[in-house]
Amino acid sequence: MVPRYTTIDILNNCDGFPDPEKDPLGHAKEMGRLYTLVWKDSEGTFPIGYVPLTVLEALENTPESIRGPLDVDHEARTILAFQEPDTEEARTKLVGQLTAYWRQNQAFRILKGWRDELWPVYGRNGELLFSIERVAMGLFGTPRFGVHMMAFIRRNDGNSRYDLRFWVSKRAATKSSYPGMLDNTAAGGLMTNEDPFECIIREADEEASLPEDLVRKHAKETGTITYIYITDERAGGEPGWIYPEVEWIYDLELPADGSVTPCPKDGEVESFRLHTVEEIQEQLAQGLWKPNCAIVMLDFFVRHGILTPENEPHYDEFRARSHRFIPFPGPHWAHWQHASPPEKRS
């Protein structure tokens, strides 16, 4: 029998890391296979990532000339690394040297997907500590930042309760992660020094052939979603990597007359199709959507009154967990005016 996924199932498939306050036993169990990567500045020490024991072992077995000084506190289960070079550029070079060494020695299967794209790791005051090859970020559990956009039209042709139709993409069968799954219209990761809005403009062009002037004029930022994902086999590489993620979300209403339609461009997308709300709800129930993209779609339904406390028993939990606190610094902290850095939270 084919499983049917509820909203809470979809949420669990994306936000799989236990919350220390709501599930202390689950959190303690998960932390049993991890050490915390920490950073030290003039104000003290703070966390920047979660490192699996397999990666710690690789760090300890790598020559210091390649990975730099390493300070491991086995009692506190913390790792202090990449501190000694005194510039961001030098630290980035050191981390790149280490991950390239592991790639050459086939230490981790995840590194087979090497992309030659640098993604940022931030300090508590928004400063860039270093950048790291995007596929290597899971080795250190540092937060990833990205953008997602749903393009839609308004049309009422009598076959849906809603006048919304969404341009849903199908990922290429050749993709190393989540091949053939359904996805948002455009999405991608923030490279070092890239602005979220400029990123979605780039991705909308590269993945969906959407004109820059149209996206720049009509795309509307709606906030962020946040979650902590634990990978499975579909993500490529070994399962179990931890990805704290912050995604800037955009809506883009396109002309209902079909004068502008997304079209595959860079090979990442197999096709685009218009779908009704009901069709997407059925796809989500069948588990056809990429996990984090499913959360983006449900977030749209919440914001537009399709998913409500009256028709969704887990409405409050979805709202809370799709905007959970990420305990590592980054530009998202500026968007959380109600939250303070983790070392100041009670």
Side-chain angles (χ1 to χ4, degrees), residues 113 115-120 122 126 128 131 133-135 137 143-155 163-172 174-179 181-226 245-275 280 289-290 292-297 299-301 303-304 330-332 334-335:
R115 299 282 292 271
D116 281 322
E117 293 182 20
L118 291 177
W119 284 9
Y122 292 100
L128 181 63
S131 297
E133 158 64 32
R134 62 175 291 180
V135 302
M137 293 196 85
R144 304 195 303 183
F145 307 95
V147 294
H148 286 250
M149 183 175 72
M150 282 308 306
F152 64 96
I153 65 172
R154 294 188 183 274
R155 188 175 72 198
D163 66 351
L164 295 166
R165 302 292 184 273
F166 300 91
W167 282 108
V168 176
S169 68
K170 184 176 182 181
R171 295 166 67 83
T174 54
K175 284 202 54 93
S176 59
S177 62
Y178 310 100
M181 299 197 79
L182 300 181
D183 204 328
N184 307 129
T185 313
L190 282 178
M191 295 185 288
T192 295
N193 295 324
E194 188 172 29
D195 175 79
F197 189 58
E198 297 303 319
C199 181
I200 198 58
I201 291 171
R202 173 177 61 81
E203 294 290 351
D205 169 57
E206 293 175 357
E207 294 186 349
S209 306
L210 290 172
E212 176 182 340
D213 57 345
L214 180 142
V215 178
R216 191 175 293 279
K217 183 176 180 180
H218 295 289
K220 300 183 185 302
E221 182 185 330
T222 66
T224 60
I225 63 169
T226 52
E245 295 192 336
V246 180
E247 307 290 351
W248 278 260
I249 308 303
Y250 297 86
D251 291 349
L252 176 66
E253 183 171 355
L254 295 177
D257 61 6
S259 57
V260 179
T261 61
C263 180
K265 183 176 182 179
D266 63 0
E268 301 262 329
V269 175
E270 177 183 301
S271 61
F272 289 95
R273 287 187 60 191
L274 270 178
H275 289 283
I280 291 174
W289 279 66
K290 181 173 176 277
N292 65 335
C293 299
I295 300 301
V296 173
M297 196 69 251
D299 178 73
F300 187 103
F301 289 168
R303 290 185 286 103
H304 291 262
H332 56 294
H335 286 247

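A quick note: this is a predicted structure, and the numbers were derived from the prediction, not measured. Starting from 1, each residue takes its place in the sequence as its number.
- For the atom pair Asp299 CG and His148 NE2, the distance stands at 11.0 Å (nearest 0.5 Å).
- Ion pairing of Lys290 with Asp183 is absent here, as no side-chain N (NZ or NE/NH1/NH2) approaches a carboxylate O to less than 4.0 Å.
- Residues passing the salt bridge (charged side-chain N to carboxylate O under 4.0 Å, His left out) test with Glu133: none are found, sequence neighbours excluded.
- With contacts defined as side-chain heavy-atom distances shorter than 4.5 Å, the pair Met149/Asn184 does not qualify.
- Heavy atoms only, all atoms of each residue included: Ala204 and Ala186 are closest at CA-CB, 3.9 Å.
- Although no hydrogens or angles enter the test, the distance criterion places a donor-acceptor pair under 3.5 Å between the side chain of Glu207 and the main chain of Ala187.
- With a 4.5 Å cut-off on side-chain heavy atoms, Thr261 and Phe272 do not count as touching.
- The shortest distance between side-chain heavy atoms of Leu252 and Leu214 falls below 4.5 Å.
- In this structure Asn193 satisfies the side-chain hydrogen bond (donor to acceptor under 3.5 Å, both in side chains) test with no other residue, sequence neighbours excluded.
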Salt bridge (charged side-chain N to carboxylate O under 4.0 Å, His left out) between Arg216 and Glu198, worked out: CA-CA 9 Å; Arg216 191 175 293 279; Glu198 297 303 319; 3.0 Å; yes
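- Applying side-chain contact (heavy atoms from CB on, under 4.5 Å) to Ile249 and the options Thr224, Thr222, Ile200, Ile295 leaves one that passes, Thr222.
- In this structure Arg202 satisfies the side-chain hydrogen bond (donor to acceptor under 3.5 Å, both in side chains) test together with Glu194, Glu206, sequence neighbours excluded.
- Between Leu190 and Trp119, the closest heavy-atom pair is O-CD1, 3.5 Å.
- Contact record, Ser209 with Cys263: OG-O, 2.8 Å, taken as the closest heavy-atom pair.
- Annotation: the span from Leu210 atom CG to Trp167 atom CH2 amounts to 10.0 Å, rounded to 0.5 Å.
- Heavy atoms from other residues, nucleotides or ligands lying under 6.0 Å from NZ of Lys170 number 12 at most.
- Between Ile153 and Ala256, the closest heavy-atom pair is CB-CA, 4.1 Å.
- Note: Leu254 CG to Thr185 OG1 = 8.0 Å, rounded to the nearest 0.5 Å.
- Side-chain contact check for Ser177 versus Arg171: some heavy-atom pair is nearer than 4.5 Å.
- Ring geometry, Phe145 versus Tyr122: the interplanar angle exceeds 60°, so the pair is classed perpendicular (tilted spans 30 to 60°).
- For Glu245, the side-chain hydrogen bond (donor to acceptor under 3.5 Å, both in side chains) criterion is met by Arg144, Tyr227, not counting sequence neighbours.
- Between Pro120 and Ser131, the shortest heavy-atom contact is CA-OG, 4.2 Å.
- Summarising the geometry, atom CE belonging to Met191 is positioned 9.5 Å from atom CG belonging to Leu118; distances are rounded to the nearest 0.5 Å.
- A salt bridge (Lys or Arg N to Asp or Glu O under 4.0 Å) check over residues 253-264, counting only residues at least two apart or in different chains, returns the pairs Arg154-Glu253.
- The CG atom of Asp116 sits 11.5 Å away from the CZ atom of Arg134 when rounded to the nearest 0.5 Å.
- Partners of His304 under the ring-ring contact (aromatic ring centres under 6.0 Å, His included) rule, at least two apart in sequence or in another chain, are Phe300.
- Residue Asp251 forms a side chain to side chain donor-acceptor pair (under 3.5 Å) with just one option from Lys220, Arg303, His218, and that option is Arg303.
- At most 12 non-hydrogen atoms from other residues, nucleotides or ligands lie less than 6.0 angstrom from CZ of Arg273.
- Note: Ile225 CD1 to Trp248 CH2 = 11.5 Å, rounded to the nearest 0.5 Å.
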